[in-house]
Amino acid sequence: WGFTVGDYLAERLAQVGIRHHFVVPGDFNLILLDKLQAHPDLTEIGCANELNCSMAAEGYARANGVSACVVTFSVGAISAFNGTGSAYSENLPLILISGGPNTNDASEFNILHHTLGGTDYTYQIEMAKKVTCCAVAVQRASEAPRLIDRAIRAALLAKKPCYIEIPTNLAGAACVRPGPISAVTEPVASDKNALEAAAKCAAEYLTGKLKPVILAGPKLRRAGPDAEQALIKLAEALGCAVAVQPAAKGMFPENHKQFVGIFWGQVSTDAADSIVHWADALICVGTVFTDYSTVGWTAVPDIPLMAAEMDHVTYPGAHFSRVRLAEFLNLLSTTVTFNNSTMVEYSRLKPDPVQVHTASPGDELTRKEIARQLQNMLDSKSSLFVETGDSWFNGIQLKLPPGAQFEIEMQWGHIGWSIPAAFGYTLRHPDRRTIVLVGDGSFQVTAQEVSQMVRFNLPITILLINNRGYTIEVEIHDGSYNKIKNWDYALLVQAFNSTDGQAKGIKADTAGELEEAIRVAGTHKAGPTLIECTIHQDDCSKELITWGHYVAAANARPPRS
Ligand SMILES: C/C(NCc1cnc(C)nc1N)=C(/S)[C@H](O)COP(=O)(O)OP(=O)(O)O
Ligand SMILES: [Mg+2]
């Protein structure tokens, strides 16, 4: 039994470090799935549907750096485009693989099931081109190695998803064996001249400045763990204040003495916004200024920025290509002059610690009490997923202890992402204690994936905030559409057990019940624990209300005449 196209793909996936691939079977991909499953280093992870499959792969890529999602043609791939879009906007190399029609069908003008009913089957790859950095469709086995290597390398370099289409009758076709994987994985080093010139330009940018601040954004982590380490080195060489954007929470240690909070305009934490607006030089590292991260464009820094990205650096008057972030930050840390004026200022602005009220056990549960108890759960092994909704605001306000990880999907913002993404992430990090903070509306989008947590015995703790509907939307603009049918969420997850599962579903209506439920979750290792926290539908964070007003105003800007 010879080496095939499917074996080639399996070997490349394993060689780039993938150990689990997420799948939903369909008759266009069954032979391919056999080949992937046959690889000793790959474990097949079935999902309940292709949206969840692609979101689980998105979460896996957060933990592993790269992931694979394998679906069937058209009916599968079109759902998976949503999680692929998430990976694109969140800068994650997700390898989307779709089975495809038999190579004879197009030329024979055959009409096939699952398709739009025409005989042109290129519509899928045309769509895929829009949500990936490289999309290839293998038409002959002989071209499979070149196309597969090209797509995977493009994804790894760009930190964007790629698309590979394998016709159902080619997965098992004979194929040559792959060459060294370094040809696919070797990163592009900085151009020496550009690197030196960029560092020199930084010195000019900082000359004469009295109040430099560093602002870290979500692309910092996507540039690699060495970039996060290099930023700490630069920060300590400069001695300046370091603020982070909300989507970058956790990418700079919050216990570091130079951390000044989350810069998020009127809903910033600590004194981040006063310090960032006081700066006369802003070193932006992997930052992304969007309508949501600038609170409806009301919190855009108003001084000329220096922006260091994954592979280039831009100044008010210059641009340097092919400068890798970690190398640039490390070089800068050896050339900058110490200037801690913004830390001196921060020490005068730093807010006093807030006294958090502890509810009595019999008190009705509130958002504040949930946040207080969640804060006490966090430790160095915690990985906290915060879902789109008031969970964003509750999560951002938490203090991360050293080693705690924080995951948010603030660019794509697809409600329901956190359940499959936390599932995918935890498969890769079974050593971490994964906690999901998710609203009732979001949970209803992807609840099925809790059954995969049951299937793979993952002790994920889900704090479901039941405030009876889409509260974030209520705060932006209310209407009948923000109401949803209530479920018995605690009972639902028990249904996923059938006769052989270990999910626990616990209702918590009071502070004492939450305390007890968290204790149970902490000792329950054989499966997920969902704690359904009932709070009043108007009990939301003031940050959400403030933010909602500004975002609604930004949405309402009149069309240009
Ligand atoms: C409907 C929608 N956003 C619009 C939306 C609609 N569809 C998708 C896929 N993603 C989206 N963000 C959002 S944020 C809901 O308020 C979420 O409700 P829930 O999970 O219950 O959280 P809150 O109650 O805290 O808002
Ligand atoms: Mg809700």
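Each ligand, and each atom within it, is numbered from 1 in the order the structure gives.
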Heteroatom N/O/S of Asp390 within less than 2.8 Å of the Mg ion (ligand 2): no

Metal site the Mg ion (ligand 2): N/O/S of Gly469 inside 2.8 Å: yes

Centroid-centroid under 6.0 Å between Trp547 and Tyr292 rings: yes

Check: Phe73 ring centroid to His113 ring centroid under 6.0 Å: no

Residue Tyr550 excluded, over 12 heavy atoms near OH under 6.0 Å: no

Neighbour count >12 (heavy atoms, 6.0 Å) for atom NZ, Lys160: yes

Carboxylate-amine/guanidinium proximity below 4.0 Å for Arg519 and Glu515: no

Short N-O contact, Lys507 and Asp488, less than 4.0 angstrom: yes

Quick one about [Y] and [X] (side-chain donor to acceptor, distance below 3.5 Å, no hydrogens or angles considered), yes or no?
X	Y	value
Trp487	Asn466	no
Gln375	Arg372	no
Ser86	Glu58	yes
Ser383	Tyr425	yes
Asn29	Thr72	no

For [X], take its heavy atoms, then give the atoms of ligand 1 lying under 4.0 Å from any of them.
X	result
Gly389	22 (O), 25 (O), 26 (O)
Thr388	14 (S)
Asp390	23 (P), 25 (O)
Gly413	10 (N), 11 (C), 12 (N)
Ile472	13 (C), 14 (S), 15 (C), 16 (O), 23 (P), 26 (O)

For ligand 1, the portion of Asn467 having any non-hydrogen atom under 4.0 Å away: side chain

Pick from Asn394, Asn482, Asp440: the one approaching atom 21 (O) of ligand 1 most closely through a non-hydrogen atom: Asp440

Winner among Trp417, Tyr470, Trp412, Phe443 once heavy atoms are compared against atom 15 (C) of ligand 1: Tyr470

Any Gly469 heavy atom less than 4.0 Å from ligand 1: yes

Who's the nearest protein heavy-atom neighbour of [atom], and how far?
atom	answer
atom 19 (P) of ligand 1	Gly441 N, 3.6 Å
atom 3 (N) of ligand 1	Glu473 OE2, 2.8 Å
atom 23 (P) of ligand 1	Thr471 N, 3.7 Å
atom 10 (N) of ligand 1	Ile415 N, 3.2 Å

Metal-centred angle, OD1 of Asp440 through the Mg ion (ligand 2) to OD1 of Asn467, rounded to 10 degrees: 90°

Contact (N/O only, under 3.5 Å) between His414 and ligand 1: no

